[in-house]
There are 2 protein chains.
Amino acid sequence: MSKKYKFAVIATDVVILAMDNGELKALLIKMKKKPFADSWAAPGGLVGGSESVDAAAERVLREKTGVSHVYLEQLYTFGKVSRDPFGRVVSVAYFALLPNIDVKLKTTNEYADVRWFPAADLPKLAYDHKEIIECAVNRLRAKLEYTNIVYGLLPAEFTLSDLQKTYEAILGRRLDKRNFRKKILALGLVATTGKKTIGEPNRPAVLYRFKKRSLQNIEVL
Amino acid sequence: MSKKYKFAVIATDVVILAMDNGELKALLIKMKKKPFADSWAAPGGLVGGSESVDAAAERVLREKTGVSHVYLEQLYTFGKVSRDPFGRVVSVAYFALLPNIDVKLKTTNEYADVRWFPAADLPKLAYDHKEIIECAVNRLRAKLEYTNIVYGLLPAEFTLSDLQKTYEAILGRRLDKRNFRKKILALGLVATTGKKTIGEPNRPAVLYRFKKRSLQNIEVL
DNA sequence: CCAAAAGTGTTGAACCTACACCCATGT
DNA sequence: ACATGGGTGTAGGTTCAACACTTTTGG
């Protein structure tokens with residue numbers, strides 16, 4: 001870590017988000033090493049010398065959740081000199097959206113634990129990870145309003161109520177059911193699958209799918 | 001530049017933008033070294049070992065223009081393995097907005113030339129700088145619509161026509177004068193100074209100022 | 001007096017918000 | 001039968017887009 005030659009360690013931290021029962025959750029790992037023993041943190045890792053930063057973020061995501069081909073976006077780069085007590089580490093943060101919270105959590109012996117936490121109620125976090133996760137949630141919240149990013153948090157088929165609950169959880173406010181459905185259908189981002197939910201103790205709901213599962217800028221709400 | 005130890009060089013590139021006579025311009029430097037001799041590029045530099053990435057961007061800006069305390073925002077981090085033929089360099093890009101294009105350009109002997117170019121009509125650029133500058137202009141364009149970021153491109157006192165020309169140049173479309181003025185005044189972001197322009201061969205215009213010169217999220221257009 | 005840019009209101013259309021009841025299913 | 005969430009329309013207010021002429025100055 002020479003000052004003279006201006007080399008630095010580049011790390012990536014990935015804020016992994018998913019909906020769980022109408023609540024936005026973030027995947028955190030519990031650290032073993034001092035000075036952050038028993039602190040929680042977003043999963044991260046060093047960027048390899050012949051690996052792009054994007055590829056490193058995908059790798060970290062895959063190592064922790066086994067998933068790939070999900071929504072993954074670069075968030076911000078955290079470059080304060082003393083953000084890591086081990087030395088000069090610049091972290092390029094990303095956030096990932098999973099369409100399903102039921103992933104096998106691969107708990108290596110590198111970490112003491114891996115768990116989902118409500119994004120609105122996080123434990124004490126190591127490094128500047130509180131700031132990073134808040135940054136991710138703010139970015140997601142902002143993008144909900146002018147893109148179709150929400151597709152990243154929903155499975156292939158979903159009800160309009162699922163969609164509305166996702167919006168409400170992230171925006172932190174209730175939306176009017178009739179106005180919401182009118183707006184969503186008018187935007188033409190979703191199509192019915194023809195199928196309906198079955199086995200629930202109430203009226204079956206029509207299942208929809210996203211016409212396109214790629215990011216598009218559109219006035220959503 | 002060891003693969004094993006995962007060290008890398010961290011650089012910062014700063015896209016410096018200013019309005020010039022109703023046109024958005026970007027400050028570029030002409031390079032001397034191969035393989036980019038005589039190519040143009042956004043000003044950049046290496047991040048020092050005991051310097052935050054933000055501070056490095058401020059330094060690069062100051063070295064090229066002599067200015068500080070202007071709008072400066074982190075843009076994106078470019079981390080492809082082969083983006084720089086000299087070796088593994090990860091670049092944290094920023095963009096700066098100057099309220100005035102009349103700055104003394106400090107042309108060191110490090111570069112062959114320093115000049116302003118229309119952002120819509122750039123020369124051949126070194127590295128991935130075309131992508132970086134387009135990214136900056138897109139970010140600026142997007143933020144025009146939901147923040148007061150435009151203050152960064154205007155001097156302390158300006159006319160509503162100056163403001164409108166700035167919007168039009170960056171958005172790339174004409175705006176209706178009456179609707180524009182109605183909207184801007186309704187937002188309450190600007191106040192009159194009481195002064196008027198003098199010495200122009202037409203009716204004097206009232207000079208306005210921004211009430212706050214700090215970034216705020218507001219539905220602007 | 002001419003050229004140039006400043007300044008100023010209205011109208012119709014589109015959009016947004018608020019709001020309450022019946023429906024289909026499982027238990 | 002009852003509990004649960006699914007599904008549907010309208011009316012009033014607000015906002016937006018389109019549009020042309022008069023004013024004030026310098027030359």
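Within every chain, numbering begins at 1; the chains are lettered A, B, ... in the order of the sequence lines, protein sequences first and strands thereafter.
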I'd like to know if B/E63 pairs up with B/K106 as an ion pair, taking the criterion as any Lys NZ or Arg NE/NH1/NH2 lying under 4.0 Å from an Asp or Glu carboxylate oxygen. no
For the pair made of CG in B/D176 and P in C/dG7, what is the distance, rounded to whole Å? 15 Å
Which whole-number value in Å describes the distance from A/K183 NZ to C/dC15 P? 9 Å
For D/dG5, does either OP1 or OP2 sit under 4.0 Å from a side-chain N or O belonging to A/S161? no
Using whole Å, what does the distance between atom P of nucleotide C/dG7 and atom CG of B/D162 come to? 11 Å
Return yes if the base of D/dA3 and the side-chain atoms of A/N202 contain a donor-acceptor N/O pair under 3.5 Å, otherwise no. no
Does a nitrogen or oxygen in the side chain of B/K182 sit under 4.0 Å from OP1 or OP2 of C/dG9? no
So which nucleotide from D/dG26, D/dG9, D/dA20 ends up closest to the side chain of B/P201? D/dG26
Where the side chain of B/P204 is defined as all heavy atoms beyond and including C-beta, which of D/dT25, C/dG7, C/dC19 is the nearest nucleotide? D/dT25
Is any side-chain nitrogen or oxygen of B/R181 closer than 4.0 Å to OP1 or OP2 of C/dG7? yes
Assess whether one donor atom and one acceptor atom, taken from the side chain of B/R203 and the base of C/dA3, lie less than 3.5 Å apart. no
Rounded off to whole Å, could you give me the NZ-to-C1' distance for the A/K165 and D/dG5 pair? 8 Å
Spacing of B/L175 atom CG relative to D/dA17 atom C1', expressed in whole Å: 12 Å
B/R178 atom CZ is separated from D/dC19 atom P, nearest whole Å, by 10 Å
Any B/Y94 side-chain heavy atom under 4.5 Å of B/L75 side chain: no
If you pin B/N179 and A/E200 to their nearest nucleotides in DNA chain C, which one's is more 5'? B/N179
Heavy atoms, side chains only, cut-off 4.5 Å: are B/L97 and B/I16 in contact? no
Rounded to whole Å, how long is the line connecting atom CG of B/L163 with atom C1' of C/dG7? 15 Å
Ion pair check, A/R141 and A/E168, cut-off under 4.0 Å: no
Nearest whole angstrom, please: distance from the P of D/dC16 to the CZ of B/F180. 14 Å
In plain terms, say whether A/E145 and A/R173 are close enough for a salt bridge, that is, a side-chain N and a carboxylate O under 4.0 Å apart. yes
